[in-house]
Peer 1: 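To start, I am sharing the structure in question, which I have written as structure tokens.
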Amino acid sequence: MPAGSCCMKATCMSMTEPEELADEVVPAEQAAIELDSSLPRFATPIVPRATIAGRALIAIIAIMTFLASVTIGSVVSVETAASGWQSNLAREVTIQVRPVAGRDIEADIGKAAAIARSVRGVAAVRPYSRQDSMELLQPWLDGMTIDELPIPRIIAVEIASGQSPDFAALRKSLMEQVPPASLDDHRGFIDHMHTMTRAVLAAGVGVLALVTLATVLSVAFATRGVIATNRQVIEVLHYVGAKNAFIAGHFQRHFLLLGLQGGAIGGGLALALFALAGLLSGSLLSAPEGAQLSALFGSFSIGTGGYAAVLAQVLLMAVVTAMTSRYTVYRMLETVQ
Amino acid sequence: MVRFENVGLRYGLGPEVLRDLTFRIDPHSFQFLTGPSGAGKTSLMRMLFLSLRPTRGLITLFGHDVATLGKDAFASLRRRIGVVFQDFRLLDHMTTYENVALPFRVMGRSEDSFRDQVIELLDWVGLGERMSAYPPILSGGEKQRAAIARAVIARPQLLLADEPTGNVDPTHAQRLLRLFVELNKSGTAVLIATHDIALMDQYDARRLVLHEGHLHVYD
């Protein structure tokens, strides 16, 4: 009999009493009619769905994805805020002029402003007048007048876009020509902010690593349980000639689906949380407290990049789930064989 | 087709349960494997369908030394062997049709290429009306026929049947024997493990007798 053709046809013809093997044999005509109406289909999954503790695993993956997404969102939010602060600070430096006995502070301010204006890359110089200083400090002075306090005066120096003035030369000129003046280019604050941002990023990466590890372990344990439950299925698959890749592929498909479901739930909840936070912070912006919060923490918006990162996290969780199950199945199949 | 040379098998550090087995199974041949309970028939069958490795000796299957083969090669060889288990080993979550079609499914063939073949075989073994039934609701005889259909659907070169008549009455056992004989005539080498003397007396075939771990061949 040729392979691939109807296997038993010739044999069937050669056997004179096939009916003896059957309790009831379906006549060919009847079978043809049944075939036309409803052809049998191989629709059942190789690995029975009921043997997989799907809901529990989906819940675990959803929680892990939520935690990972919140971590990613938080890191993105902090980085965005820090970047905003840094950008603002980098566009402006400050010259402080201390009041010194025996010196005319207004003359010192005028001279320092002139030195600043002469530096290439400076877009604007704005000395704060006595009145400006009064207004700035008024909330903290509680009725006192500025003349009673030795408060330094400030000159705001705005840097031209894309320019990088020579601050060292400016500092030196001020030191030589206006000794009470000092330049604050916010370098120390920016360095602190860099350190803080890096620390937040490192903490976020650490949390993500732990969450991923916990997911891998959860999926590995779940896969082991499923394999133990389906040991007979795996044995039969081996006996009919299934390769390990075929068996592992079916388990992987199941777990990929579970990973996608759990990831979508967890990631969806995280995205909803960020969207809600963005809406609330937006509505608060009109209030003075909202403006202060926005200045301090940014807008609570994770932006397009943040949303993309959360979606990538969902896919990552699904892939991690699928690959972990595949790897676990492969390792266990070695022992089964 | 199959060659055993001085094959021995022990479980763990225990004594050898099979010793110095040397025999051949030729293409198109028919043989019974018999012996008292505990003689090692099932262990020998497991070595034949590559479920168990020998602790010593040489097994050659379809010209391949099984000791040197990887797991994927094992799978390829198993596709040339049909196995009927005493306890059927049907998958309860699949219909009779799906159980019988399983060997084609693992080969990656499209359903259109094997559907007619499976339906025709199921009709032939009398399960045409039970295609959508699940194994738990099949009778013992129906399960037996479904298991045999699964073993022969891919036209194996070697059919191994472990106590295939253990769960059926003598009349049905005769019918099954006739099925195996017909399969053998169509080119499949057949090895039936049984301790049913009456069954063996019905067909004049080579006998492999296991006794106290040794194999005696009666041509």
Side-chain angles (χ1 to χ4, degrees), chain A residues 1-28 30-32 34-35 38-51 230 232-233 235-247 249-250 330 333-334 336-337, chain B residues 49-51 71-72 74-81 83 85 89-95 97-98 101-108 111 113-121 123-129 131-132 139 141-142 145 150-155 175-176 178-179 182-183 185-187:
Chain A
M1 275 174 283
S5 66
C6 176
C7 71
M8 303 309 296
K9 204 161 207 164
T11 312
C12 186
M13 292 301 121
S14 68
M15 293 185 71
T16 53
E17 43 191 8
E19 293 81 4
E20 288 187 18
L21 290 163
D23 295 332
E24 280 185 48
V25 174
V26 181
Q30 185 185 338
E34 285 179 4
L35 279 181
S38 61
L39 288 171
R41 285 181 54 108
F42 202 127
T44 308
I46 299 282
V47 181
R49 288 188 199 283
T51 58
N230 289 288
Q232 193 194 346
V233 175
E235 281 180 0
V236 170
L237 289 172
H238 273 148
Y239 294 149
V240 298
K243 294 182 177 176
N244 285 354
F246 175 87
I247 300 171
H250 279 273
Y330 255 112
L333 288 180
E334 298 289 320
V336 169
Q337 283 194 320
Chain B
F49 60 75
L50 303 170
S51 168
K71 289 188 165 52
D72 280 349
F74 270 32
S76 299
L77 288 185
R78 284 193 181 113
R79 291 178 186 181
R80 301 164 74 176
I81 304 172
V83 187
F85 298 95
R89 304 274 179 101
L90 296 172
L91 298 181
D92 287 346
H93 70 290
M94 291 184 181
T95 64
Y97 167 83
E98 290 168 335
L102 195 58
F104 288 135
R105 183 74 186 271
V106 302
M107 287 178 196
E111 190 162 8
S113 73
F114 63 71
R115 183 188 286 116
D116 291 344
Q117 197 171 336
V118 174
I119 292 170
E120 188 159 350
L121 179 58
D123 281 337
W124 189 72
V125 298
L127 293 174
E129 290 187 334
M131 276 190 285
S132 301
S139 69
E142 288 172 331
R145 278 177 271 147
R150 186 182 65 190
V152 303
I153 186 69
R155 299 289 303 134
R175 292 176 181 173
L176 289 177
R178 274 206 296 279
L179 168 62
E182 291 299 332
L183 285 168
K185 285 177 181 170
S186 71

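Numbered from 1 within each chain, the chains take letters A, B, ... in sequence-line order. Heavy atoms only: backbone and side chains are in, while hydrogens, waters and symmetry mates are out.
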Peer 1: So which part of B:L102 gets closer than 4.5 Å to some heavy atom of chain A, the side chain, the backbone, both or neither?
Peer 2: both
Peer 1: Heavy-atom cut-off 4.5 Å, strictly under: side chain, backbone, both or neither for B:L77 against chain A?
Peer 2: neither
Peer 1: Examine whether an atom of A:V233 lies under 4.5 Å from a heavy atom of chain B, and if so say whether it belongs to the side chain, the backbone or both; otherwise answer neither.
Peer 2: both
Peer 1: Does B:R79 have any side chain to side chain contact (heavy atoms under 4.5 Å, CB included) partners at least two apart in sequence or in another chain, and if so, which?
Peer 2: A:K243, B:M107
Peer 1: Within this structure, what is the OH-CD distance for the pair A:Y239 and A:E235, rounded to the nearest 0.5 Å?
Peer 2: 4.5 Å
Peer 1: Contact part of B:R150 toward chain A, heavy-atom cut-off under 4.5 Å: side chain, backbone, both or neither?
Peer 2: side chain
Peer 1: Within a strict 4.5 Å, meaning less than it, do heavy atoms of the A:H238 and B:S51 side chains meet?
Peer 2: no
Peer 1: What part of A:I247 gets closer than 4.5 Å to chain B, counting heavy atoms only: side chain, backbone, both or neither?
Peer 2: neither
Peer 1: Between B:F104 and chain A, with a heavy-atom cut-off of 4.5 Å, which part of the residue counts as in contact: side chain, backbone, both or neither?
Peer 2: neither
Peer 1: Can you list everything that forms a side chain to side chain donor-acceptor pair (under 3.5 Å) with B:E111? Sequence neighbours excluded, please.
Peer 2: B:Y97
Peer 1: With a 6.0 Å cut-off on the ring centroids, do B:F114 and A:F42 count as close?
Peer 2: no
